[in-house]
Amino acid sequence: MEILIVNIKELVLVDTAGRTLVSGADMAEMETLPHAFLYIKDGLIADFGEMHSEKGKQLIEGFTGELIDATDRLVYPTFCDSHTHLVYPASREIEYIDKIKGLSYEQIAERGGGILNSAKLMQLASEQELYESAMQRLNEIISMGTGAVEIKSGYGLTLESELKMLRVIRKLKESSPLTIKATFLGAHSIPLEYRGKQEEYVDLVINEMIPMVASEELADYIDVFCDKGFFTVEDTDRILNAGMKYGLRPKIHANELDFSGGIQVGVKYNALSVDHLEYTGDKEIEALKGSETMPVILPGAAFFLNMPYAPARKMIDAGLPVAFASDFNPGSSPSGNMQLILSMASILYRLTPEEGIYSTTLNGAYAMDLSEELGSISIGKKANVFITQPMPGIAYMPYYYGINKVEKVILNGKIEYIKK
Ligand code: NIG
Ligand code: FE
């Protein structure tokens with residue numbers, strides 16, 4: 001199957017240098033190609049260039065595949081959403097009302113709500129139900145321009161339930177056109193029966209869960225919620241050390257509720273990413289400098305929980321890369337809309353449109369170890385792109401927030417969504 005997109009007003013995030021991430025001041029510079037074509041073959045980006053170039057003219061002349069006219073429209077690489085919990089048994093709008101009334105995330109967790117609420121319902125949910133509801137969410141995010149997504153376990157909190165969640169993620173990987181990575185998050189919360197004996201739960205994660213997850217090859221990465229009221233640096237150290245022995249690279253929840261030491265322990269274990277980062281100061285920024293760890297910011301959760309915003313601007317100004325992800329989950333960020341995340345990156349965190357686009361595409365791909373194959377318009381990468389509605393230029397994407405501005409989504413070289 002071949003697709004030729006012609007008359008593209010602007011082809012966004014062209015990368016011919018083969019960069020796997022973009023940091024600091026480089027994030028402000030982005031190559032785009034005006035009046036372009038994009039040629040897709042065998043699921044990959046086969047070529048692109050200017051419409052009126054010799055190459056362009058020749059391609060169009062003899063073309064017999066699917067021709068798409070993108071007059072007035074922009075073409076972007078699809079979003080790479082590197083942090084979600086989108087396999088879950090039920091929504092949690094009851095807590096949302098508690099939150100409006102003023103209860104904090106920690107108070108809700110202390111009352112046995114929050115993650116534990118999802119864990120209780122997870123015990124009862126069948127794999128088929130979980131699969132079907134998650135598949136619906138995947139189709140929803142495809143329609144908004146996402147092409148790759150990471151999904152965590154962590155609403156199981158028992159061996160059986162964690163394995164159930166990860167098996168559902170495996171089935172989603174096999175059947176969805178999205179590129180999916182799976183993360184084992186057994187240490188997401190301390191189950192009520194382990195209160196006061198947290199170490200025993202950590203032992204369970206280390207001695208029973210990790211070996212089973214690894215033997216069934218159910219996870220690409222390992223995660224720990226290293227924060228105040230959840231897992232300590234010592235717990236995290238032990239879990240990451242155990243995961244490392246099975247080749248599970250960390251992507252961890254860190255510094256959402258306090259200066260937890262999560263960033264430092266993540267860097268110590270060469271985490272692929274450390275995520276949330278509301279509490280990030282100079283020491284944390286220093287720890288990230290020179291590391292291979294991507295700082296990932298989750299504006300959906302900060303917005304929904306009324307938390308302070310992570311200092312993304314300061315990180316970029318200090319020369320770091322950043323990625324932005326949705327954190328799609330029923331408790332703290334019930335949305336997987338990466339267009340909204342891009343707008344928040346600009347409006348709330350002061351990223352320019354170029355910085356925001358890198359953060360939600362190439363740098364997001366890096367945070368899933370996918371940036372060799374996704375995240376930019378580069379020859380040989382997977383043909384995961386979207387075509388926008390007519391728009392004046394790239395800044396319109398974060399500027400005009402709140403509606404779906406994506407008209408067509410192509411994944412693996414196949415059209416997967418057309419706006420009605
Ligand atoms: O990333 N912070 C920890 N975990 C999730 C919340 C999950 C939930 O509340 O269900 C998060 O925000
Ligand atoms: Fe999360």
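Numbering of residues begins at 1 and proceeds along the displayed sequence. All ligand and atom numbering here is 1-based and tracks the order in the structure.
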S.K.: Quick one: look up the protein heavy atom nearest atom 2 (N) of ligand 1 and list residue, atom name and how far away it is.
M.R.: E256 OE1, 2.7 Å
S.K.: Nearest protein heavy atom to atom 3 (C) of ligand 1, by residue and atom, and its distance?
M.R.: F225 CE2, 3.3 Å
S.K.: Which ligand 1 atoms, with their elements, are less than 4.0 angstrom from a heavy-atom of H253?
M.R.: 1 (O), 2 (N), 3 (C), 4 (N), 11 (C)
S.K.: Test: salt bridge (Lys or Arg N to Asp or Glu O under 4.0 Å). Region: residues 77-94. Which pairs qualify, not counting sequence neighbours?
M.R.: R92-E95
S.K.: From S332 OG over to H85 NE2, what is the distance, rounded to the nearest 0.5 angstrom?
M.R.: 6.5 Å
S.K.: Can you tell me the protein heavy atom closest to atom 12 (O) of ligand 1 and the distance?
M.R.: S332 OG, 2.5 Å
S.K.: Please report which non-hydrogen protein atom sits nearest to atom 11 (C) of ligand 1, along with the residue it belongs to and the distance in Å to one decimal place.
M.R.: D327 OD2, 3.1 Å
S.K.: State which residues pass side chain to side chain donor-acceptor pair (under 3.5 Å) with T179; sequence neighbours excluded, sorted by chain then number.
M.R.: K382
S.K.: Taking all non-hydrogen atoms of both residues into account, name the closest pair between M122 and S161 and its distance.
M.R.: CG-OG, 4.0 Å
S.K.: Identify the closest protein heavy atom to atom 6 (C) of ligand 1: which residue and atom is it, and at what distance?
M.R.: Y105 OH, 3.0 Å
S.K.: Under a 4.0 angstrom heavy-atom cut-off, which atoms of ligand 1 come close to H83?
M.R.: 1 (O)
S.K.: Search all heavy atoms of G147 against all heavy atoms of L411 and return the closest pair with its distance.
M.R.: CA-CD2, 3.7 Å
S.K.: Are the side chains of R170 and R167 in touch, meaning some heavy atoms are under 4.5 Å apart?
M.R.: yes
S.K.: Mark up the atoms of ligand 1 that fall under 4.0 Å of a heavy atom belonging to I115, in ascending order.
M.R.: 7 (C), 8 (C), 9 (O), 10 (O)
S.K.: Check whether NZ of the Lys or CZ of the Arg R137 lies under 6.0 Å from the centre of the six-membered ring of Y88 and within 45 degrees of that ring's axis.
M.R.: yes
S.K.: Quick one: which residue pairs count as a salt bridge (Lys or Arg N to Asp or Glu O under 4.0 Å) with a foot in residues 181-208, not counting sequence neighbours?
M.R.: D203-R238
S.K.: At a cut-off of 2.8 Å, what protein N/O/S atoms sit near the Fe ion (ligand 2)?
M.R.: H83 NE2, H85 NE2, H253 NE2, D327 OD1
S.K.: So which protein heavy atom does atom 4 (N) of ligand 1 come closest to, and at what separation?
M.R.: H188 NE2, 2.8 Å
S.K.: If we set the cut-off at 4.0 Å for heavy atoms, which region of Y155 has an atom near ligand 1: side chain, backbone, both, or neither?
M.R.: side chain
S.K.: Measuring only between side-chain heavy atoms, which start at C-beta, is T20 closer than 4.5 Å to E372?
M.R.: yes
S.K.: Hey, are K171 and Q128 close enough side-chain-wise for a donor-acceptor pair under 3.5 Å?
M.R.: yes
S.K.: Would you please indicate yes or no on a ring centroid separation below 6.0 angstrom for F386 and F79?
M.R.: yes
